[in-house]
Amino acid sequence: MEELNPLLGDLEEVLLHEDEIKKRVKELGEQIACDYRGKELVVVGILKGALVFMADLVRHLSIPVIIDFVAISSYGAATKSSGAVRILKDLDAPIENKHVLIVEDIIDTGLTLSYLAENLRARKPLSVKICTLLDKPDRRKIDIRPDYNGFQIPDKFVVGYGLDYSEKYRNLPCVAVLKPHIYQNQGRKGSLPNGYDNGNK
């Protein structure tokens with residue numbers, strides 16, 4: 001298997017296998033479609049991490065859907081974020097009087113999602129909800145909970161299914177723990193995923 005995909009040799013353990021992710025994403029899609037039946041939904045993906053999850057999720061939405069994306073970046077002193085966020089790519093269309101679903105790969109501290117949700121609510125949509133593939137409640141710094149969540153995971157350094165380390169591993173079909181020696185003593189601001197660099201997701 002590792003000969004087919006050398007990235008697998010960098011993994012310490014697989015937390016979520018491809019089949020269980022597919023099953024849960026289908027369940028989430030069916031639940032969301034049921035909840036928004038008769039309504040038009042704007043699905044907002046957060047680049048780049050949510051791209052894989054969102055692509056699979058929307059194919060299970062049997063309702064009218066508009067797809068849009070935002071790209072956001074935190075900033076602050078050293079490697080600790082102040083919680084301040086800047087939008088690198090904004091929505092392409094207004095969301096006033098529309099139902100909005102934010103789709104994210106992982107939520108840990110909650111700082112970024114809290115900022116984005118409040119930013120979008122200020123644009124007068126009918127509603128704003130959050131759907132995340134992974135939830136790390138042990139890292140929460142702000143009281144925010146996803147309305148739809150795929151899996152709750154422990155506070156481990158995970159990659160795959162859209163999550164990266166130094167822009168690698170996003171294409172893995174599973175969610176796995178990266179071997180510590182790969183990222184220990186190599187991290188620099190902006191290089192670690194899952195909020196480990198800025199503590200802001």
Side-chain angles (χ1 to χ4, degrees), residues 12-16 20-21 24-25 27-29 31-32 35 43-54 56-57 69-88 99-123 125 127-166 169-170 174-178 180 183-184 187-201:
E12 186 171 79
E13 65 172 314
V14 175
L15 287 183
L16 301 168
E20 58 187 317
I21 294 173
R24 183 60 182 139
V25 172
E27 292 171 349
L28 285 172
Q31 180 184 354
I32 292 166
D35 291 349
V43 180
V44 176
I46 302 180
L47 297 171
K48 303 174 186 175
L51 181 61
V52 176
F53 173 41
M54 180 170 160
D56 287 344
L57 180 69
F69 293 94
V70 294
I72 50 184
S73 174
S74 75
Y75 57 96
T79 59
K80 298 269 185 164
S81 172
S82 63
V85 176
R86 59 193 177 101
I87 295 178
L88 303 178
H99 295 282
V100 175
L101 180 68
I102 301 170
V103 176
E104 176 63 304
D105 55 355
I106 188 168
I107 176 173
D108 44 31
T109 66
L111 294 174
T112 295
L113 275 177
S114 177
Y115 168 85
L116 181 61
E118 289 307 311
N119 182 287
L120 296 186
R121 287 189 183 104
R123 306 183 195 195
S127 67
V128 174
K129 291 188 176 181
I130 295 169
C131 176
T132 183
L133 176 68
L134 305 174
D135 184 16
K136 283 186 181 180
D138 291 344
R139 283 178 54 84
R140 199 74 86 248
K141 291 184 178 179
I142 192 169
D143 185 18
I144 183 172
R145 299 173 190 174
D147 300 279
Y148 304 95
N149 179 59
F151 302 93
Q152 200 170 95
I153 63 169
D155 187 13
K156 294 187 176 183
F157 195 13
V158 295
V159 296
Y161 201 71
L163 291 103
D164 76 300
Y165 167 63
S166 195
Y169 308 101
R170 293 189 194 274
C174 59
V175 172
V177 179
L178 197 61
Y183 59 86
Q184 284 176 347
R188 64 183 184 279
K189 185 169 172 58
S191 67
L192 299 178
N194 313 335
Y196 276 76
D197 56 341
N198 295 321
N200 68 331
K201 279 200 170 187

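The residues of the chain are indexed from 1 along the displayed sequence. For the numbers below, each heavy atom of this structure counts, side chains included, while hydrogens, waters and symmetry mates do not.
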Asks: Does atom CZ of Arg145 have more than 12 heavy-atom neighbours, drawn from other residues, nucleotides or ligands, at distances under 6.0 Å?
Replies: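 Open: at most 12 neighbouring heavy atoms sit under 6.0 Å from CZ of Arg145.
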Asks: Work out which heavy atom in Leu28 is nearest to a heavy atom in Asn149; give both atom names and the distance.
Replies: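 So the minimum-distance heavy-atom pair works out to CD2-O, 3.8 Å.
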Asks: Can you name the residues that form a salt bridge (Lys or Arg N to Asp or Glu O under 4.0 Å) with Glu20, not counting sequence neighbours?
Replies: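 None.
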Asks: Apply side chain to side chain contact (heavy atoms under 4.5 Å, CB included) to Met54 and Val43, showing your working.
Replies: CA-CA 8 Å; Met54 180 170 160; Val43 180; 3.8 Å; yes
Asks: To the nearest 0.5 angstrom, please state how far the CD1 atom of Ile106 sits from the CZ atom of Arg139.
Replies: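 One gets 8.5 Å once the value is rounded to the nearest 0.5 Å.
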Asks: Which pair of non-hydrogen atoms, one from Val175 and one from Gly160, has the smallest distance, and what is that distance?
Replies: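 Result for this residue pair: CG2-O, 4.2 Å.
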Asks: What are the two closest non-hydrogen atoms of Ser73 and Leu88, and how far apart are they?
Replies: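 Taking every non-hydrogen atom into account, CB-CD1, 3.8 Å.
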Asks: Judged by atom type as modelled, is there a donor-acceptor pair below 3.5 Å linking the side chain of Lys136 to the main-chain atoms of Lys156?
Replies: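 Side chain of Lys136 to backbone of Lys156: a pair is present.
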Asks: Minimum heavy-atom separation for Ala50 to Glu104, with atom names?
Replies: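 That would be CB-CA, 3.8 Å.
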Asks: Find out whether Phe151 and Leu133 are in side-chain contact, i.e. whether some heavy atom of one side chain is under 4.5 Å from a heavy atom of the other.
Replies: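 Phe151 reaches Leu133 side chain to side chain.
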Asks: Where do Thr132 and Phe53 come nearest, in terms of heavy atoms and distance?
Replies: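 Looking at all heavy atoms of both residues, the closest pair is C-CE2, 3.7 Å.
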Asks: Does the side chain of Phe69 come within less than 4.5 Å of Leu51's, by heavy atoms?
Replies: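 Yes, at least one pair of side-chain atoms sits under 4.5 Å.
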Asks: Rounded to the nearest 0.5 Å, how far does CG of Leu16 lie from CD1 of Ile153?
Replies: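 It is 7.0 Å, given to the nearest 0.5 Å.
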Asks: Please report the interatomic distance CD1(Ile130) to CG(Leu116), rounded to the nearest 0.5 Å.
Replies: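 Spacing of CD1 (Ile130) from CG (Leu116) equals 8.0 Å.
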Asks: State the OH-CG distance between Tyr161 and Asp105, to the nearest 0.5 angstrom.
Replies: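 Going from OH on Tyr161 over to CG on Asp105, the span is 11.0 Å.
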Asks: Give, for atom CD1 of Ile72 and atom CZ of Arg86, the distance between the pair rounded to the nearest 0.5 Å.
Replies: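 Result: 11.5 Å between the selected atoms.
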Asks: Got a donor-acceptor contact below 3.5 angstrom from the Arg140 side chain to the Asp108 backbone?
Replies: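 Yes: the side chain of Arg140 pairs with the backbone of Asp108.
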Asks: Carefully, step by step, assess Leu57 and Ile32 under the rule side chain to side chain contact (heavy atoms under 4.5 Å, CB included).
Replies: CA-CA 10 Å; Leu57 180 69; Ile32 292 166; 4.2 Å; yes
Asks: For Glu27, what residues pass the side-chain hydrogen bond (donor to acceptor under 3.5 Å, both in side chains) criterion, not counting sequence neighbours?
Replies: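 side-chain hydrogen bond (donor to acceptor under 3.5 Å, both in side chains) list for Glu27, sorted by chain: Lys23, Arg24.
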Asks: Specify whether Phe157 and Tyr165 have parallel, tilted or perpendicular ring planes, treating 30° as the upper limit for parallel and 60° as the lower limit for perpendicular.
Replies: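 Answer is perpendicular, since the angle exceeds 60°.
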Asks: Kindly compute the distance separating CD1 (Ile142) from OG1 (Thr109), expressed to the nearest 0.5 Å.
Replies: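 So the gap between those two atoms works out to 8.5 Å.
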